[in-house]
Structure formats: structure tokens, C-alpha cells
Amino acid sequence: GDSVTQMEGPVTLSEEAFLTINCTYTATGYPSLFWYVQYPGEGLQLLLKATKADDKGSNKGFEATYRKETTSFHLEKGSVQVSDSAVYFCALSSGSNYQLIWGAGTKLIIKP
Amino acid sequence: KAGVTQTPRYLIKTRGQQVTLSCSPISGHRSVSWYQQTPGQGLQFLFEYFSETQRNKGNFPGRFSGRQFSNSRSEMNVSTLELGDSALYLCASQRGLTDTQYFGPGTRLTVL
């Protein structure tokens, strides 16, 4: 069945460092791909999405490109801030029921 | 535009009791999904309702049930609570079946 694999955390970086969080997927057909972020004590917020191959989703300085050939949707940001500390979830939506399939989440810690 | 609201935000119950959680979707959204989030299991899909009908169901025991009203508001019920039901319960709404899900802040349930 469909699945999403994220790099394990926590990922610890210094402020202004470059961020990459890896996400790969297995799916039949052509899924839509999402990154959600969860700040401490809160629900999930949609960060960005891409609905077809080679699409680039972007928001708040974060970017991810839908790579069909490598079945990947890696999250990147050029310069992270302490306020980016959160848990990041990669997810896909496909199939006849469009149910979201989730990765395990990657905790990001940014140190000043 | 108001976001997804969930009530109550926090609940403490004892084993054997039952609980009802409420979710009000974004205006105009007809689909509501429920998720359980725990540190050990991550995000797990409970069920999805669309136009008052349960469309999808996750792999949870029958103690977990839900419903959706004509105004798209949804409730989920957990009967005969167990310690393992302690979790953050998240509700998400979407306009249509293929649209992006938007999440509420969650209800933190603690079972003692």
C-alpha cells in the first residue's frame, strides 16, 4: 500500500543554517504531496503542497519539489530561525478515497 | 474566515468512562476527518465523514464512533475508555473530497 518515509529526528541546527528534511513515498498513481507543521501544543498547519510532478510548493521560506523519478518531496529552507522549531510531517493523498497517508514526523530544533 | 474549532481543548477522564469530542469545520467545508496522535503511534486515521455519511474508517475498535450533522459539525465518541486512549485527537475539515485538509488545535484527552 501507499506509504511515506521521513528522516528520523530530532534534527538540531543552529540559527541561519540550511535545512533539509527528507521525505520519500511509495504510491500507485499520481499522489498529491503535502508538508504539515505542528508547533508545540498546537494542531497541524498546512505548510505547502504539490499536486503533480515537478511542481514546487513554497511558503514562509520553505520549499519542496515533487520529484516523481526519485519519489521524493524533500523540505528545504535556506536560513532557519528559532521560531521554525516544530515537528514536520510529510503526507500524501491518493487513491479513490484521497485519504492522507502520513510520515512519522521529524522534530526540528533550532538553537540560537 | 474562522478555522476549525474543537471543544473541549482538554479532558481528563477515568477508565471505563465515555467521552464525546466536538469539531466545527470551516464554513463551507463538508468533509470532516478525525485522527488520533500519540507519541508511540504517531498520526492514525480514525474516520472521515462527508455530507453526514461515514466515508472511510481506520483500524480502530468499535468503541470509537462518530457522526456528522447536517451543518457539517462532527462529534466523535469513545466508550469504555482505556489508558491507551490518552492522546491528542485532531479534527480536519476540507471543502470537497480532493481538497486540502485544515486542522483544528486538537483535544488533549487524558485517561487516568
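Order of the sequence lines fixes the chain letters, A, B, ..., with proteins taken first and strands second; residue numbering starts at 1 for each chain.
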TODO: Select one option (side chain, backbone, both, neither) describing which atoms of B:Q37 are under 4.5 Å from chain A's heavy atoms.
DONE: side chain
- [ ] Pick one of side chain, backbone, both or neither for A:L46, based on which atoms fall under 4.5 Å of a heavy atom in chain B.
- [x] side chain
Task: Cationic N near anionic O, under 4.0 Å, A:E63 to A:K77 - done: no
Task: Joint cluster assignment, A:L92 & A:Y30, ILVMFWY side-chain distance < 4.5 Å - done: no
Open item on the list: So if I take each residue of residues 61-87 of chain B and look for any heavy atom under 4.5 Å from a heavy atom in chain A, which residues do I end up with?
Closed with: none
Open item on the list: With a 4.5 Å cut-off on side-chain heavy-atom distances among I, L, V, M, F, W and Y, is there a chain of contacts connecting A:W35 to A:F89?
Closed with: no
Task: Residue-level contacts of residues 104-112 of chain B with chain A, using a heavy-atom cutoff under 4.5 Å - done: B:G104, B:P105
TODO: Describe, in one word, how the ring planes of A:W102 and B:Y35 are oriented to each other, choosing from parallel (under 30°), tilted (30 to 60°) and perpendicular (over 60°).
DONE: perpendicular
Open item on the list: Check for me whether the distance between the ring centres of B:F47 and B:Y49 falls short of 6.0 Å.
Closed with: yes
Task: When B:V4, B:T100, B:L90 are compared by non-hydrogen pairs under 4.5 Å with chain A, the top option - done: B:T100
- [ ] Could you tell me whether the side chain of B:F103 reaches within less than 4.5 Å of the side chain of B:Q6, counting heavy atoms only?
- [x] no
Task: Within one Ile-Leu-Val-Met-Phe-Trp-Tyr cluster: A:I21 and A:V87, side-chain cutoff 4.5 Å - done: no
Open item on the list: Is there a path of hydrophobic side-chain contacts, each under 4.5 Å between heavy atoms of I/L/V/M/F/W/Y residues, joining A:F73 to A:I101?
Closed with: yes
Task: Sub-6.0 Å ring centroid separation between A:F62 and A:Y88 - done: yes
Task: A:Q45, part contacting chain B, at a heavy-atom distance under 4.5 Å - done: neither
Task: Spacing of B:L43 atom CG and A:Y36 atom OH [to the nearest 0.5 Å] - done: 10.5 Å
Task: Other residues, nucleotides, ligands: >12 heavy atoms within 6.0 Å of A:E15 CD - done: yes
